[in-house]
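Numbers here are sequence positions counted from 1.
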Amino acid sequence: MTSTAPMEPSPARAGALRVATGRTSTPVFAGYVEATTAHCPYLGPSVRNGLTYWTTYDIAPGAELFDIEGALFAAAAVCAERVRILSKGQRGHLVCENLVVRGASRRHLDWPHWALKNLYGPVGLMFGKFWEGEEDTSRLGADLPVPPVTFLSIRPAVRPRDPQFLHNTPVLADTVREAQDDGRNVFDGLDRDWATVRSWAARLPKPSKESTP
């Protein structure tokens with residue numbers, strides 16, 4: 001049984017993001033999703049089976065970066081626990097939760113993404129970060145679809161292939177390769193307050209080829 005206790009951000013951080021569109025399995029950016037299926041063999045089956053979910057947030061007026069990070073981290077941790085549960089069911093390997101943050105950029109994702117993938121890597125979850133206008137290429141050199149929005153993506157790891165996406169963090173790659181979800185509380189011994197989590201994440205070994213997480 002996984003730990004499903006919700007994150008409890010401070011009132012200020014909890015209010016930094018506001019739900020614009022509640023969780024839905026209907027692709028909110030159908031053209032982008034369809035184009036991306038050519039590069040991800042699991043996305044098409046996931047969408048067809050109603051297992052790719054989207055929740056869209058707006059940034060509250062005047063919200064500070066630190067509070068936005070904390071609110072996004074808290075929301076993503078709740079989704080991660082949901083993925084842990086759903087991944088045990090039929091077609092669980094196809095489950096994918098996406099958190100869209102309208103008006104956000106890469107800097108809003110960096111620290112939440114870094115903390116989350118290190119916390120949940122040992123239980124076999126992968127976290128992707130995509131930002132509006134990002135230009136990137138696949139491992140084969142093909143241009144990837146440009147995201148129309150900024151979002152975090154959460155899914156179960158595909159152990160034979162996902163460690164290759166973590167080549168800049170070889171320790172984490174090995175962790176994901178050997179991951180088993182034994183039902184542990186990934187926050188055991190770590191205060192869930194974002195200030196504490198961010199400080200913990202800052203002490204982790206940095207990616208070998210990136211200056212930011």
Minimum heavy-atom separation for [X] and [Y], please, with both atom names.
X	Y	value
Ala115	Phe73	CB-CE1, 3.9 Å
Tyr57	Ala75	OH-CB, 3.7 Å
Phe127	Lys117	CD1-CA, 3.7 Å
Ala157	Val176	CB-CG1, 3.7 Å
Gly124	Ala179	N-CB, 3.4 Å

Residues forming a side-chain hydrogen bond (donor to acceptor under 3.5 Å, both in side chains) with Arg48, sequence neighbours excluded: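 Result, side-chain hydrogen bond (donor to acceptor under 3.5 Å, both in side chains) vs Arg48: none returned.
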
Is it true that [X] and [Y] have a side-chain N and a carboxylate O under 4.0 angstrom from each other?
X	Y	value
Asp58	Arg102	yes
Asp110	Arg106	yes
Glu69	Arg198	yes
Arg82	Glu97	yes
Asp174	Arg177	yes

Using a 3.5 Å distance criterion without hydrogens, assess whether the side chain of [X] forms a donor-acceptor pair with backbone atoms of [Y].
X	Y	answer
Asp193	Ala195	yes
His93	Val158	no
Ser46	Tyr42	no
His108	Ser105	yes
Asp191	Thr196	no
Trp131	Ala104	no

By ring-ring contact (aromatic ring centres under 6.0 Å, His included) - contacts of Phe151 (at least two apart):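 Expected list: Trp54, Phe130.
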
With heavy-atom distances below 4.5 Å as the criterion, would you say the side chains of [X] and [Y] are in contact?
X	Y	value
Glu134	Val146	no
Val83	Pro156	yes
Tyr120	Glu81	yes

Same apolar cluster (I L V M F W Y, side chains within < 4.5 Å links), Val19/Val101: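 Shared cluster, yes.
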
Qualifying residue for side chain to side chain contact (heavy atoms under 4.5 Å, CB included) with Leu72, from Ile59, Asp67, Leu109: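 Going through the options one by one, the only one that passes is Leu109.
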
Separation between CG of Leu190 and CG of Leu119, rounded to the nearest 0.5 Å: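 These two atoms lie 6.5 Å from each other.
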
Stepwise side chain to side chain donor-acceptor pair (under 3.5 Å) test for Ser199 and Arg203: CA-CA 7 Å; Ser199 178; Arg203 296 193 297 271; 3.1 Å; yes

